[in-house]
Visitor: 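My questions all concern the structure below.
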Amino acid sequence: MIIPDENGEEHLFDILFTFDVDETEKSYLVAVPAEQAEQEEQEVFAFRFEESDQNEDDLTLYQIETDQEWDMIEEMLNTFTDSDEE
């Protein structure tokens, strides 16, 4: 997945996982920079996203803004890493 930064530079990311929250009907994704994908320590990025009506491969990303969203993402990340270690 390619994500441009605020300067317009494009960066390649690997998506670790996505999840939907039924109560809010919002979708989230957690990704790491592709160059860090195989490293033991990774910088993790999380976004809320919406799929395009015309192209399911085209996503609109939104920054996480609330503590409630961050807490939920952190919980999902902990679940993901716990299951990955087993």
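Only this structure's heavy atoms are used, side chains among them; waters, hydrogens and symmetry mates stay out. Predicted model, so just to flag it, every value in this text is computed and none were measured.
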Visitor: With sequence neighbours left out, write down each residue that passes salt bridge (Lys or Arg N to Asp or Glu O under 4.0 Å) with Glu74, or none if nothing qualifies.
Guide: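 Not a single residue meets the salt bridge (Lys or Arg N to Asp or Glu O under 4.0 Å) criterion with Glu74.
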Visitor: So which atom in Ala46 and which in Ile64 form the shortest heavy-atom distance, rounded to 0.1 Å?
Guide: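 What the structure gives for the nearest pair is O-CG1, 3.6 Å.
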Visitor: side-chain contact (heavy atoms from CB on, under 4.5 Å), that's the test. Do Ile3 and Phe47 meet it? Break it down for me.
Guide: CA-CA 11 Å; Ile3 302 175; Phe47 301 94; 3.9 Å; yes
Visitor: Starting at OH of Tyr28, measure out to CD of Glu69 and round the result to the nearest 0.5 Å.
Guide: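 Output value for this atom pair is 3.5 Å.
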Visitor: Counting only heavy atoms not in Glu38 (residues, nucleotides, ligands), do more than 12 fall under 6.0 Å from its CD?
Guide: no
Visitor: State the CZ-NZ distance between Phe49 and Lys26, to the nearest 0.5 angstrom.
Guide: 13.0 Å
Visitor: May I have the step-by-step check of side-chain contact (heavy atoms from CB on, under 4.5 Å) for Met1 and Leu29, ending in yes or no?
Guide: CA-CA 11 Å; Met1 170 174 177; Leu29 69 82; 3.8 Å; yes
Visitor: OG1/Thr24 to CZ/Arg48 distance, rounded to the nearest 0.5 angstrom?
Guide: 8.5 Å
Visitor: In Å and rounded to the nearest 0.5 Å, what is the CD to CD1 distance from Gln68 to Ile73?
Guide: 11.0 Å
Visitor: Using distance only, find each side-chain donor-acceptor pair of residues 8-23 under 3.5 Å and give its atom names and separation, not counting sequence neighbours.
Guide:
| residue | atom | partner | partner atom | Å |
| --- | --- | --- | --- | --- |
| His11 | NE2 | Asp5 | OD2 | 3.0 |
| Asp20 | OD1 | Ser27 | OG | 2.5 |

Visitor: Side chain to side chain contact (heavy atoms under 4.5 Å, CB included) with Glu43: which residues, sequence neighbours excluded?
Guide: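 With sequence neighbours excluded, Glu43 shows a side chain to side chain contact (heavy atoms under 4.5 Å, CB included) to Gln36, Phe45, given in chain and number order.
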Visitor: Quick one: list whatever passes side chain to side chain contact (heavy atoms under 4.5 Å, CB included) with Thr60, sequence neighbours left out.
Guide: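 Checked Thr60 against side chain to side chain contact (heavy atoms under 4.5 Å, CB included); matches are Tyr62.
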